[in-house]
Amino acid sequence: MKLFSVILILLIFLSSCISENDQMFEANLLVKPKFEFNNKFISCNLNKDFTLINLESFLSNFIKDQSLNNNYDISILFPLSEKVTKFIINYRNYYDENSYNIFLDKLSNKGIDEIASCNFDDAMHNGYSLSMLETSDQQSSYTVEILRCNYNQGYNYGTFRVALDRFVSEVNALDIQYEAEYLQNEEDISSFIWINKFYNQDFSNDISSKWFVGSYAAEIKKEFSENANCIDAKIFNAYKISKL
């Protein structure tokens, strides 16, 4: 009888722990990012007999023919390779929900399909900047690292937010020309895209000398790895061509 009582008490204790963990997990799911924009990556391949010179000419004419406003901006991302045949159009919308379709119509009317084959069906992501540098807004070229990441089981943005806040606080205290961005697909909250933007050509030395030297870097990295793991990382040369 005594053994039965001990087992019963243990089961009740475990049940309460599981219930509390479930409630905590559900509460964390309610924590949502305060998104500032939505973002679309349009992957393209140059068509046969067309070069980057043709693309540059097309983009130059495209920009000249558009009226300026602040609804969205465009960046072109080129992979780090000697011979570039692929590129990404990074479309970012700040205000107008209908601007993406308008943007696609303009691209089509100007003849993007003749120069390149593009995938317009990739998912739209909502995003926000974790840090903002005044000087970076004026720079038209920079280096981008894009990481695709998945949350570990039992983790989500709510659990990740503490590590993100600490990361932003530490990085902003350093003199590094750098920004980070968080993108998430509304239909898949179990994954996210992490973007590093470096505005200094010697960014690797900056990171090594100013970021990795502190013990907090290892601690934050540990917090990141507890929450999520990243599948891959790709680096691009990025050029902001205009605000349209």
Side-chain angles (χ1 to χ4, degrees), residues 37-127 129 133 135-148 177-181 183 185 193-204 231-244:
F37 53 81
N38 53 49
N39 199 93
K40 182 96 168 182
F41 295 110
I42 304 171
S43 300
C44 301
N45 289 285
L46 286 171
N47 290 333
K48 186 178 180 180
D49 298 329
F50 286 90
T51 66
L52 291 179
I53 296 177
N54 301 117
L55 177 62
E56 182 181 359
S57 177
F58 169 83
L59 292 173
S60 178
N61 291 329
F62 179 80
I63 295 303
K64 288 179 181 178
D65 290 344
Q66 310 307 316
S67 58
L68 293 177
N69 59 66
N70 292 318
N71 285 347
Y72 60 93
D73 62 38
I74 305 170
S75 297
I76 307 297
L77 280 55
F78 297 103
L80 297 181
S81 61
E82 295 181 3
K83 184 178 181 181
V84 177
T85 59
K86 297 181 179 181
F87 62 95
I88 293 175
I89 301 174
N90 186 17
Y91 159 89
R92 176 159 297 178
N93 170 42
Y94 297 96
Y95 306 109
D96 187 355
E97 293 182 359
N98 299 318
S99 67
Y100 181 62
N101 291 331
I102 295 174
F103 169 66
L104 291 186
D105 288 341
K106 290 179 178 180
L107 276 179
S108 179
N109 291 337
K110 291 299 177 182
I112 186 64
D113 296 331
E114 180 183 1
I115 296 174
S117 300
C118 299
N119 179 15
F120 298 101
D121 297 327
D122 286 347
M124 184 79 76
H125 289 79
N126 294 322
S129 297
L133 301 173
T135 55
S136 66
D137 288 337
Q138 302 172 0
Q139 293 180 247
S140 58
S141 62
Y142 46 95
T143 302
V144 170
E145 182 182 28
I146 300 177
L147 299 90
R148 294 186 303 136
Q177 297 300 301
Y178 164 82
E179 284 184 280
E181 294 177 350
L183 306 181
N185 184 343
I193 293 176
W194 179 275
I195 299 179
N196 294 313
K197 291 185 176 181
F198 305 100
Y199 295 91
N200 186 345
Q201 291 184 348
D202 198 21
F203 66 87
S204 59
I231 305 167
D232 57 23
K234 297 180 179 179
I235 300 179
F236 302 85
N237 289 322
Y239 303 88
K240 181 180 286 188
I241 59 175
S242 181
K243 278 199 170 186
L244 300 179

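Below, each value reflects all heavy atoms present in this structure, side chains not excepted, and no hydrogens, waters or symmetry copies.
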- Do N39 and I193 pass the side-chain contact (heavy atoms from CB on, under 4.5 Å) test, and can you show the C-alpha distance, the side-chain angles, and the key distance before you say yes or no? CA-CA 11 Å; N39 199 93; I193 293 176; over 6 Å; no
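- Here the rule is side chain to side chain contact (heavy atoms under 4.5 Å, CB included) with I76, and of I89, I88, N90 only I89 fits it.
- Listed here is the closest heavy atom pair of K40 and F120: NZ-O, 3.3 Å.
- Side-chain contact between N237 and L80: present, with at least one pair of heavy atoms (C-beta onward) separated by less than 4.5 Å.
- Here the CD1 atom belonging to I241 is positioned 9.5 Å from the OG atom belonging to S60, to the nearest 0.5 angstrom.
- The distance from the CG atom of L46 to the SG atom of C118 is 9.0 Å, given to the nearest 0.5 Å.
- Atoms CZ and CD1, on F87 and I42 in that order, are 9.5 Å from each other to the nearest 0.5 Å.
- One finds a salt bridge joining R148 and D232 here, because a Lys/Arg side-chain nitrogen approaches an Asp/Glu carboxylate oxygen to under 4.0 Å.
- Taking the six-membered ring wherever Trp is involved, the centroid distance between the rings of F236 and F78 does not fall below 6.0 Å.
- In this structure, L77 CG and F41 CZ are separated by 7.0 Å, a value rounded to the nearest 0.5 Å.
- Between the side chains of T51 and N54, a donor-acceptor pair is found at a separation under 3.5 Å.
- In terms of heavy atoms, E179 sits closest to S129 at OE2-OG, 4.5 Å.
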- Message: Checking K240 against D73 for the side-chain contact (heavy atoms from CB on, under 4.5 Å) test, could you report, in this order, the C-alpha distance in whole Å, the side-chain angles of both residues, the deciding distance, and whether it holds?
- Response: CA-CA 8 Å; K240 181 180 286 188; D73 62 38; 4.2 Å; yes
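- Closest approach of Y100 and Y91 over heavy atoms only: N-OH, 3.1 Å.
- In this structure, F62 and I112 have side chains that are not in contact, with every pair of non-hydrogen atoms separated by 4.5 Å or more.
- The 12-atom threshold is exceeded at CD1 of I231, counting heavy atoms of other residues, nucleotides or ligands nearer than 6.0 Å.
- The CG atom of L55 sits 6.5 Å away from atom CD1 of I115, with the distance rounded to the nearest 0.5 Å.
- Minimum interatomic distance between L183 and G127 (heavy atoms only, all atoms of both residues): CD2-CA, 3.5 Å.
- At least one side-chain heavy atom of R92 sits less than 4.5 Å from a side-chain heavy atom of E181.
- Side-chain contact between E114 and F58 is absent, with no heavy atoms from C-beta onward closer than 4.5 Å.
- Inter-residue side-chain proximity for F103 and N93 is flagged as unmet; no heavy-atom pair is nearer than 4.5 Å.
- Under the 30°/60° scheme for interplanar angles, the aromatic rings of Y199 and Y142 are found to be tilted.
- Note that the CD1 atom of I146 and the CH2 atom of W194 stand 14.0 Å from one another [nearest 0.5 Å].
- Within the 3.5 Å criterion, the main-chain N or O of D113 finds a donor-acceptor partner in the side chain of N47.
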- Task: Give the C-alpha distance, both sets of side-chain angles, the deciding distance and a yes or no for side-chain contact (heavy atoms from CB on, under 4.5 Å) between Y239 and L59.
- Result: CA-CA 12 Å; Y239 303 88; L59 292 173; over 6 Å; no
